[in-house]
Structure formats: structure tokens, C-alpha cells
2 protein chains.
Amino acid sequence: MTQDDDERLDRAFLALADPVRRQIVARLSRGPAGVNELAEPHAISLQAVSKHIHVLEQAGLVTRTRDAQRRPVHLAPEALERLTAWIDHYRLVHERRFRSLDALLAQDPAQQEDP
Amino acid sequence: MTQDDDERLDRAFLALADPVRRQIVARLSRGPAGVNELAEPHAISLQAVSKHIHVLEQAGLVTRTRDAQRRPVHLAPEALERLTAWIDHYRLVHERRFRSLDALLAQDPAQQEDP
DNA sequence: AGGCTATTCAACTGTCAGGTTGAATAGGAC
DNA sequence: GTCCTATTCAACCTGACAGTTGAATAGCCT
């Protein structure tokens with residue numbers, strides 16, 4: 001785990017730690033959209049939404065293209081994949097340890113915690 | 001998506017948006033540990049680590065037990081599972097849309113973006 | 001050119017997260 | 001009881017983040 005990876009994960013997890021940004025991601029999963037459209041469900045200014053998009057972009061979760069004066073936002077699923085990869089790794093490490101501990105206890109009840 | 005769910009996701013994603021806390025989660029995937037042990041790899045005070053653990057606990061990512069004056073921290077994998085569930089849901093929505101768009105384009109190249 | 005739309009930049013504000021130090025609590029061990 | 005260990009509480013500082021308003025940029029449209 002390099003420091004670069006760390007910063008990338010920081011930004012990605014932080015980006016998703018906000019309901020507005022999660023809703024933007026949810027909307028984008030159904031296809032690209034412009035700032036106005038993304039802002040519509042929220043009771044905040046357009047500029048605030050623009051900032052949220054920037055945060056998502058820095059986290060690598062979305063990309064932007066150009067279409068006349070519009071700058072549509074697109075979901076970048078690879079970044080989402082990196083997050084699940086991180087989480088699932090440790091979830092599996094934990095589960096595997098748990099299973100082998102179970103097996104150990106089943107064969108010798110005298111053993112407790114952390115062999 | 002209720003507001004309660006939102007707050008729970010906020011806390012969980014925010015909890016993982018910090019390298020110290022992620023390292024704590026990584027360590028705990030290998031078994032429970034006390035504050036001192038969790039603090040050892042980090043160049044910050046014990047109190048700071050204690051706060052990090054509190055954040056993880058509020059997010060439901062860890063639980064604590066008691067063992068004499070120790071208060072071991074345990075990983076709570078269900079919370080991790082909720083996170084991957086959220087991410088994977090939208091990842092799949094996106095992928096499915098992408099596939100069907102591909103299919104559409106393959107059968108009629110005149111169609112472009114968002115049918 | 002002038003106007004309309006979409007989006008961003010800039011400056012400012014209030015809140016909160018992460019760190020520190022110093023004192024306090026909880027529970028063995030002697 | 002007294003000491004030692006593990007952990008937390010409290011008060012404080014600093015910086016980053018989410019929001020605001022107002023001005024600026026970019027690119028159609030007539």
C-alpha cells in the first residue's frame with residue numbers, strides 16, 4: 001500500500017461520504033448528465049453542485065467531456081471497483097480467519113482467541 | 001434511501017476516508033486488538049488513536065468488548081458489506097446500461113447517447 | 001455585436017475533523 | 001492502600017470542507 005494509493009483511497013472514500021455526491025453518482029449510473037440536471041434534485045446553489053462534481057472528479061469517480069457549452073459528467077466505474085476491491089479484501093481476510101478459528105475451536109475447545 | 005441510511009453511509013464512508021483508520025481496519029481483519037497495539041504503527045498519540053476507534057465505532061465498523069482494563073476492538077464485517085452493497089448496486093446499474101447501449105449501437109449505428 | 005445558457009472562479013463564512021497536552025478513570029498486581 | 005497499565009475526558013488549535021453571493025468565462029443563437 002503506497003502513499004499514492006492511500007491518497008487516492010482517501011479522496012474516493014471522502015467523495016462518497018456525502019449524500020449529495022452519492023446521489024450524483026446514483027444519477028450518473030443511469031447515464032451522463034450536465035451540472036443543471038445534476039443540481040435539480042438538490043436545494044443548493046449550482047456553484048455548490050459544481051464543487052461537488054469537482055470533488056468527484058479529483059477522486060477519479062467521474063470524468064467530464066465537452067458538448068458545446070455543456071460539460072457532461074460521466075461515471076468512471078473503475079474507481080468504484082477499486083473501492084470494493086479494498087473493502088472486500090479485508091472482509092475476506094477477516095472471514096477466513098473467523099472460519100479457521102471456528103474450526104480450531106470445534107476440534108479443541110480449550111483454545112480461545114488468537115492462537 | 002432513507003435519511004437514516006444516508007447518515008449511516010456518511011459515517012461509514014467518512015470513517016474509511018483516513019489512512020490511519022483504514023490501517024486499523026486492516027489490522028483488525030487479522031483479529032481483535034487493544035488501543036496500544038493499534039496505535040503502535042502510527043506516529044500519533046494514543047488519544048488520537050482512541051478517537052479514531054470511536055469514529056469507526058460510531059460508523060458501526062467495529063465493536064468493543066471488555067477484558068479486564070483492556071477494551072479490545074473487533075471488526076464488524078456487516079458494515080463493510082453494506083458499503084460494497086451500495087457501491088456494487090450502482091456499478092451494476094451503470095454496467096447494464098452500458099451493455100444495452102452497446103447492443104443498441106451494434107444494431108443501429110445511427111443512435112447515439114441516451115436513447 | 002448582443003443576448004441567452006451553462007458553468008466556473010473568487011472571496012468570505014460557519015462548522016467540524018484531527019491533532020495536541022494534561023488530568024481523570026478503571027482495574028489488575030504488589 | 002499504592003503503583004502500574006490501559007484507556008478516556010476535556011480544553012484547545014489549526015486546517016479543511018460545504019455552503020453562500022457576485023463576477024467572469026465559454027459558446028451557441030438571432
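Every chain is numbered from 1 and lettered A, B, ... according to where its sequence line falls, protein lines coming before strand lines. What's counted below: heavy atoms across the whole structure, side chains too, no hydrogens, waters or symmetry copies.
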Round to the nearest Å and state the distance from [X] atom [atom1] to [N] atom [atom2].
X      : N       : atom1 : atom2 : value
D18(B) : dG15(D) : CG    : P     : 18 Å
L46(B) : dT8(D)  : CG    : P     : 9 Å
R22(A) : dA18(D) : CZ    : P     : 12 Å
Q69(A) : dA24(D) : CD    : C1'   : 16 Å
K51(B) : dC12(D) : NZ    : C1'   : 10 Å
D10(B) : dC16(C) : CG    : C1'   : 14 Å
F13(A) : dC17(D) : CZ    : C1'   : 19 Å
H52(A) : dG19(D) : NE2   : C1'   : 8 Å

Counting only side-chain heavy atoms from C-beta out, which of [options] sits nearest to [X]?
X      : options                   : result
L14(A) : dC28(D), dC17(D), dG18(C) : dC17(D)
R71(B) : dT7(D), dA18(D), dA23(D)  : dT7(D)
V20(A) : dT21(D), dG19(D), dG19(C) : dG19(D)
R66(A) : dG19(D), dA26(D), dG19(C) : dA26(D)

Are [X] and [N] close enough that a side-chain N or O sits under 4.0 Å from OP1 or OP2?
X      : N       : answer
R70(B) : dG27(C) : no
S45(B) : dT20(C) : yes
R64(B) : dT8(D)  : yes
N36(A) : dT7(C)  : yes

**Asked** Should the pair F13(B) and F13(A) be assigned to parallel (<30°), tilted (30 to 60°) or perpendicular (>60°) ring geometry?
**Response** tilted
Margin query: Heavy atoms only, 4.0 Å cut-off, all strands: where does H54(B) land among base, sugar-phosphate and nothing?
Written below: nothing
